[in-house]
Structures are given as C-alpha cells and as structure tokens.
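Reading through the structure tokens given below for one structure.
Naming: A, B, ... by sequence-line order, numbering from 1 per chain.
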There are 2 protein chains.
Amino acid sequence: MNIPSRYLEDAVEQLSSLPSIGKRTALRLVLNLLQRSDEEVEQFSKVFLDLKQHLKSCSKCGNISDTEICHICNNPARNQHLVCVVEDIRDVMAIESTGTYSGLYHVLGGIISPMDGIGPNDLFIQPLIERAQQGELEEIILALSPTMEGDTTNFYLYKKLANCGVTISALSRGIAIGSELQYADELTLSRSIQQRTPFTL
Amino acid sequence: MNIPSRYLEDAVEQLSSLPSIGKRTALRLVLNLLQRSDEEVEQFSKVFLDLKQHLKSCSKCGNISDTEICHICNNPARNQHLVCVVEDIRDVMAIESTGTYSGLYHVLGGIISPMDGIGPNDLFIQPLIERAQQGELEEIILALSPTMEGDTTNFYLYKKLANCGVTISALSRGIAIGSELQYADELTLSRSIQQRTPFTL
C-alpha cells in the first residue's frame with residue numbers, strides 16, 4: 001500500500017500490529033478516526049494509556065482489577081474454599097456470565113505451551129500452589145480448554161497439587177447442548193458415552 | 001459482557017466504536033495491548049494524537065497529506081490538466097498502485113447520499129468547480145463507485161461541470177478481468193455488449 005502520509009502510515013502500522021487486523025482494515029479504522037473531533041480522538045488515545053497505567057492484576061487470583069484485590073476475591077458472599085483455575089480473564093467473564101458459580105478464580109495468564117516457549121514459570125502458578133498448601137482451599141476445579149496444551153497444563157497442576165489435600169476436579173466433557181450428535185467429533189462422543197450420567201427429568 | 005475493570009471497559013468501549021469491531025474482538029485486542037511494555041502502549045496511544053494534530057488535507061485536491069499541498073499536486077512530472085475525481089483517499093491509493101495514471105486527483109471525501117444525510121455541500125466539490133472554471137483543466141475523469149449514490153454524484157458533477165469547457169469522462173464499465181461471464185450480473189453484461197470495443201491482439 002502506498003500511503004501518502006507518515007502520520008497515517010504510523011497509525012496504520014500500530015493498529016495493524018493488533019491480532020487479526022490487516023493493513024487494509026487498519027486504514028479503514030484510521031480513516032474513521034480521522035472523521036472524529038479532536039476531543040474524541042484524544043479520548044480514544046487516552047484510554048490505552050490509562051489502561052496500562054491503572055489496570056492492576058489481583059495479587060491473590062491474577063484476575064484483572066482496578067484494586068489490589070479484585071471484587072470477586074473481596075466478596076464475602078462467595079465460597080472462599082472453592083477455586084476455579086482458568087487460562088485468562090475472558091474465561092472468568094464467560095463463567096461469571098453463567099451466574100451459576102459462586103467460588104473464587106485463579107487466572108493463570110496462559111497455558112503451558114512448549115511450542116510457543118511458555119513454561120510453568122511464565123504463568124501465575126506458584127501462588128495457586130501456595131494457596132492450596134496453606135489449607136484454605138477445599139476444591140480446585142481445573143477449567144482449561146480441552147486442547148493438547150490445556151491437558152498438559154492440567155496434568156502439571158494435578159502433579160503439583162496432588163499432595164495438598166485438596167479435591168481436584170475438572171469440567172465435564174461431552175456433547176454440547178444444542179449441538180447435533182452426528183457432527184460431534186469421535187473423541188467427545190466416546191468420552192460422553194464413557195462418562196454417561198443417570199437420566200433425570 | 002461483565003468486564004471487571006472500568007479502565008478495561010473504557011478501552012473496549014473505544015475500540016469497539018470503530019467500524020466492524022465488536023465488543024468481543026475489542027476485548028481480545030485490548031488484552032493483546034496489555035501484554036506489551038509501557039513504551040509500546042505509549043507509542044500506540046501517541047500515533048492517533050499525532051495523526052489528528054499533524055495530518056492535513058491537501059488544499060488543492062483534498063487528498064491526505066503531511067504538507068499544505070500534497071506530493072501528487074506538487075509533482076511537476078504529472079499531467080496538471082487531467083483530474084480524476086474519487087470518493088476517498090483509498091481510491092487514490094488503489095489507482096496509484098496501478099502505476100498507469102499520471103494526472104492529478106480530486107478527493108470528494110464521500111458521495112452524495114440523501115439516505116445518510118450527505119448532500120453536495122458536505123463534500124469537497126466547490127474547489128473542483130473552481131479549478132474547472134479557471135480553465136486549467138482539460139479533462140475530468142469521474143471515477144466513483146458504480147452504485148446508486150455514485151451515479152447520483154456523477155450526475156450532479158456533470159451538471160455543474162458541463163459548461164466549463166472541460167472534457168468529462170467516466171471509468172469504463174464491463175466484465176472484470178479474470179471473472180467468469182456466467183456470474184456477471186445482467187446490467188454489467190448488457191453494458192459490456194453495448195459498449196463493446198474493437199478486438200485487438
């Protein structure tokens with residue numbers, strides 16, 4: 001692309017550094033920004049600085065927070081002895097939006113992925129082990145994505161947590177609600193037969 | 001979405017105000033930004049301010065430029081008597097990338113679209129008429145998209161420019177190179193038969 005301005009080129013460059021945004025899309029977005037008022041662009045620019053400066057990570061669970069301890073860890077109405085281990089904060093939001101979970105979370109900030117050079121030491125794992133060793137937890141639910149890397153991470157965590165006297169559970173795997181049986185993959189289908197549950201009305 | 005931080009929510013809000021970026025995508029982009037260093041985020045934030053503060057519109061042709069007169073209008077090697085009228089700067093880039101046009105441009109900054117409340121007075125049209133009236137132009141090529149709005153704008157410009165003694169031409173319409181005849185729409189196909197050209201090798 002032959003962009004006729006250095007400033008425009010810089011803006012396109014920065015926006016297209018975001019995942020899934022190509023140069024053409026970035027140009028379209030920047031042209032949209034150009035149509036806005038000075039104040040609006042200033043506001044647009046400012047939120048990213050504010051975000052980086054003020055956003056904290058909850059020192060207890062690794063969730064994103066505006067305060068030292070996040071509002072979930074701080075909520076006395078929640079079960080403080082139940083922890084759900086997830087990959088990132090989007091998983092927290094997904095589980096929170098179900099409205100059925102009342103325990104705490106532990107956000108790893110990623111999963112073990114040797115292919116991407118991410119090992120256990122790059123993740124927020126040690127504080128979870130310390131929480132478990134301090135005896136304040138009764139159950140840890142491993143809620144990582146059912147992929148190779150997720151299973152590897154589950155296995156690593158299981159090994160580390162096995163001697164802490166904590167019940168370790170995992171999300172049930174099976175046929176998704178609303179999906180058609182004939183399109184389910186073989187692994188999922190065979191798992192759902194093995195782990196069949198009593199039929200209830 | 002239940003976003004646990006005001007700063008995060010603001011950033012998601014701003015990014016999702018861009019066209020074709022939803023809340024979920026915006027969240028993914030913001031989480032990517034969060035993984036970057038302070039300097040990188042500062043740089044990201046700064047380009048949009050710079051853009052708004054420094055980017056100019058060429059006072060002659062309406063093209064985007066870092067200088068008062070853009071590098072195309074300023075280029076003495078280009079044909080100063082030939083002007084191609086386009087909707088926005090992406091069209092300039094598209095035509096420039098063909099490398100076959102050596103005249104100047106005139107960027108309207110949009111097209112007449114009563115449905116969106118955009119009339120002739122909202123566009124960069126008057127300077128084009130003045131350029132034509134001053135007698136410095138020999139030919140004006142109308143290169144707007146072949147849509148209802150594009151045709152309306154073409155018609156409006158034709159009416160305004162008809163008495164200026166300038167040749168007015170339009171992009172040829174027909175079957176796109178590389179496309180299959182059977183999939184061409186009827187209007188395009190019938191137009192390409194009416195406006196058939198002598199066969200050359």
_Could you measure the distance from the OG atom of B/S113 to the CD atom of B/E149? Nearest 0.5 Å is fine._
4.5 Å
Determine the option with the most heavy-atom pairs under 4.5 angstrom with chain B, choosing from [options].
options                    : value
A/N63, A/I64, A/V30        : A/I64
A/I72, A/L34, A/I21, A/D50 : A/L34
A/E40, A/K52, A/K46, A/R90 : A/K52

Where on [X] is there a heavy atom nearer than 4.5 Å to chain B: the side chain, the backbone, both, or neither?
X     : value
A/E96 : side chain
A/D10 : both
A/S57 : neither
A/L15 : both
A/S17 : both

Is it true that [Y] and [X] share a donor-acceptor pair across their side chains at a distance under 3.5 Å?
X      : Y      : value
A/T100 : A/T98  : yes
A/T67  : A/S65  : yes
A/S169 : A/E139 : yes
A/D66  : B/S5   : yes
B/S16  : B/R24  : no

At a heavy-atom distance under 4.5 Å, which candidate from [options] has the highest pair count against chain A?
options                    : result
B/V92, B/L51, B/D88, B/I89 : B/L51
B/H71, B/K56, B/R36, B/E13 : B/R36
B/E42, B/Q53, B/Q43        : B/Q43

*Contacting region of B/N32 [heavy-atom separation from chain A under 4.5 Å]*: side chain
*Between A/R173 and A/D151, is there a salt bridge with N-O shorter than 4.0 Å?*
yes
*asked:* Which label fits B/F48 and A/F48: parallel for a plane angle under 30°, tilted from 30 to 60°, or perpendicular past 60°?
replied: tilted
